[in-house]
Visitor: 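Quick one: this structure, given as structure tokens, is what I'll be asking you about.
None of the values given here were measured: they were computed from a predicted structure. In listed order, ligands and their atoms are each counted from 1.
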Amino acid sequence: MKVLLVGSGGREHALAKALTQDPSLSQLHCAPGNPGIAQLATLHPLDIENPNSVAALAIALDVDLVVIGPETPLVNGAADAIRKAGIACFGPSKAAAQLEGSKDFAKSVMRDAGVPTAKFATCENQSEIERALDLFGAPFVVKHDGLAAGKGVVVTSDRVAALHHALKSSRVVIEEFLDGPEVSLFGISDGETVIPLQPAQDFKRVFDNDEGPNTGGMGAYSPLPWAPDDIMEDTLKQVLNPTIQEMAARGTPFIGLLYAGLSLTTHGIKVIEFNARFGDPETQVLIPRLKTPLATLLYKAATRNLNGTTLEWKEDSAVTVVLAAEGYPSAPKSGGVITGFSVIENVQIYHAGTSATEQGIVASGGRVLAVTGIGEDLTEARNRAYRSISQISLPGSFYRTDIALNASVAEKGN
Ligand code: AMP
Ligand code: GLY
């Protein structure tokens, strides 16, 4: 099977690695890719935001399957253009990607599908905003309606700050605060059948102890020793299945990865957000633990053939820690040279915002590397990830030191 993978982050590096481990893969192409993915795939320059350019590359390479990593090509309609060319695509259509592209759309699907989520109001002017802030009370949750790379959401007890953030966008969703622990649980869907992956937890705030602004994600781990045993079945029944059925009933089937961001509240599971693609950095802990050959799995989903498929997982635990550039998330600094990529057994260094230059590998994005440790338990996985990342040097860079810390302590207590 010839596969084209679209994207250039740590998520795509992890996907590329697993795709190349599937015996049915004959060629892997990636566009635009990064220096890490270059070790595994043939790279091609590409304007991924232009659906016709993406489809043209897939046609030119004569691939059997296109896998789309990031949300922007999906929301722009890349999957539609690829399917129109008669090529299988793992990734939802423009219409189905609205589950991520519009918070308001996602809420309407959840309402019609009976999926539990926070109560909300969509507001378009100051008086509507103020009414909603007063209705739900502090802590205030204010979300810009469109795509915002994880940065359009403000959660604050400061009403002035909440109002200020709300007024920056012409359309905002204001909602009830959900106080449970957060879990990311993904479903692989062929439009009708959906299969849950194991749960992972992401660390969204930039600094230790969940301080500072939201980011794209600073680290993740899986499995979750503290989560209820039936979390996958429960999420399948309450969230993934009804959402996939509702999208099919609307005539816009969702083929791809449905990312459910959940809060495990005292009143049960509630959806915080949907994304229409693999999470980053959750993919960097989930995909190394998946035994099922990935290219075959994604091809089955893309060709509406998932029925009867079951997934196999390794018993291992995985922890990933993101190395961020100085100034991330507001103003990440590019160009610093990265050194210290030592090879440690059971550690995978996934490239994200990196470029190859004459000086060596340099930082070219906010999240530079995602370092995943694998081990028998979270403690071992964590130790490996931190041992590796502590040897990497990039001036001004930083990482959180508490990824999976509480879970690994709790695990030892069991
Ligand atoms: P989102 O982009 O919707 O995932 O929001 C980003 C982050 O903001 C989430 O991961 C949560 O940490 C937080 N958040 C969003 N909505 C809520 C909510 N209703 N209650 C509590 N926290 C929330
Ligand atoms: N880990 C958060 C995201 O992928 O949006």
Visitor: Both conditions, 6.0 Å and 45 degrees, for the charged tip of Arg367 above the ring of Tyr328: are they met here?
Guide: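 No cation-pi geometry.
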
Visitor: Can you find an N/O atom of Asp280 closer than 3.5 Å to an N/O atom of ligand 2?
Guide: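 Yes; the residue has a nitrogen or oxygen that sits under 3.5 Å from a nitrogen or oxygen of the ligand.
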
Visitor: For Glu175, counting its heavy atoms only, list the atoms of ligand 1 lying under 4.0 Å from any of them.
Guide: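 Near Glu175, meaning under 4.0 Å from one of its heavy atoms, ligand 1 has 16 (N), 17 (C), 18 (C), 19 (N).
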
Visitor: Using heavy atoms and a 4.0 Å limit, tell me yes or no: is Arg277 in contact with ligand 2?
Guide: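 It does, in that a heavy atom of Arg277 comes within the 4.0 Å cut-off of ligand 2.
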
Visitor: Between Leu178 and ligand 1, which part of the residue brings a heavy atom under 4.0 Å of the ligand: side chain, backbone, both or neither?
Guide: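 Looking at Leu178 and ligand 1, atoms from backbone and side chain both fall under 4.0 Å.
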
Visitor: Any carboxylate oxygen within less than 4.0 angstrom of a Lys/Arg side-chain nitrogen, looking at Glu273 and Lys204?
Guide: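 Between Lys204 and Glu273 there is a salt bridge, with a charged N closer than 4.0 Å to a carboxylate O.
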
Visitor: Can a salt bridge be assigned to the pair Asp104 and Arg171 using a cut-off of 4.0 Å between side-chain N and carboxylate O?
Guide: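 Yes, charged N to carboxylate O under 4.0 Å.
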
Visitor: As a test of understanding, state which of Ile68, Val67, Val63, Asp64 forms a side-chain contact (heavy atoms from CB on, under 4.5 Å) with Leu4.
Guide: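 The residue from Ile68, Val67, Val63, Asp64 that satisfies side-chain contact (heavy atoms from CB on, under 4.5 Å) with Leu4 turns out to be Val63.
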
Visitor: Just going by heavy-atom distances, which of Lys103, Lys143, Glu100, Glu176 is nearest to atom 2 (O) of ligand 1?
Guide: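 Residue with the shortest heavy-atom distance to the ligand atom: Lys103.
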
Visitor: For a quick check under 3.5 Å, do Glu282 and Ser184 share a side-chain donor-acceptor pair by atom type?
Guide: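 Per modelled atom types, Glu282 and Ser184 side chains form a pair under 3.5 Å.
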
Visitor: Salt bridge check, Arg384 against Glu345: does any charged N sit closer than 4.0 Å to a carboxylate O?
Guide: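 No, this pair does not count.
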
Visitor: Side chain, backbone, both or neither: which part of Asn214 has a heavy atom under 4.0 Å from ligand 1?
Guide: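 For Asn214, only side-chain atoms sit under 4.0 Å from ligand 1.
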
Visitor: Would you tell me which option among Glu273, Arg205, Glu182 has the nearest heavy-atom contact to atom 9 (C) of ligand 1?
Guide: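 The option holding the nearest heavy atom is Glu182.
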
Visitor: So, are Arg400 and Asp402 salt-bridged, with charged N and O less than 4.0 Å apart?
Guide: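 Yes, Arg400 and Asp402 are salt-bridged.
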
Visitor: Could you tell me, atom by atom, which parts of ligand 2 come under 4.0 Å of a heavy atom of Gly279?
Guide: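 The atoms of ligand 2 under 4.0 Å from a heavy atom of Gly279 are 4 (O).
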
Visitor: Got an N/O contact under 3.5 Å between Phe177 and ligand 1?
Guide: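 Between Phe177 and ligand 1, no N or O pair is found under 3.5 Å apart.
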
Visitor: Is the shortest side-chain N to carboxylate O distance from Asp377 to Arg382 below 4.0 Å?
Guide: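 Looking at Asp377 and Arg382, the cut-off is not met.
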
Visitor: What atoms of ligand 2 come within less than 4.0 Å of a heavy atom belonging to Tyr259?
Guide: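 So the atoms of ligand 2 that pass are 1 (N), 2 (C), 3 (C), 4 (O).
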
Visitor: Within a distance under 4.0 Å of any heavy atom of Asp202, pick out the atoms of ligand 2 and give their elements.
Guide: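 Atoms satisfying the 4.0 Å criterion: 1 (N), 2 (C).
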
Visitor: Taking only heavy atoms of Asn275, which atoms of ligand 2 are found under 4.0 Å from at least one of them?
Guide: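 Counting from 1, the qualifying ligand atoms are 5 (O).
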
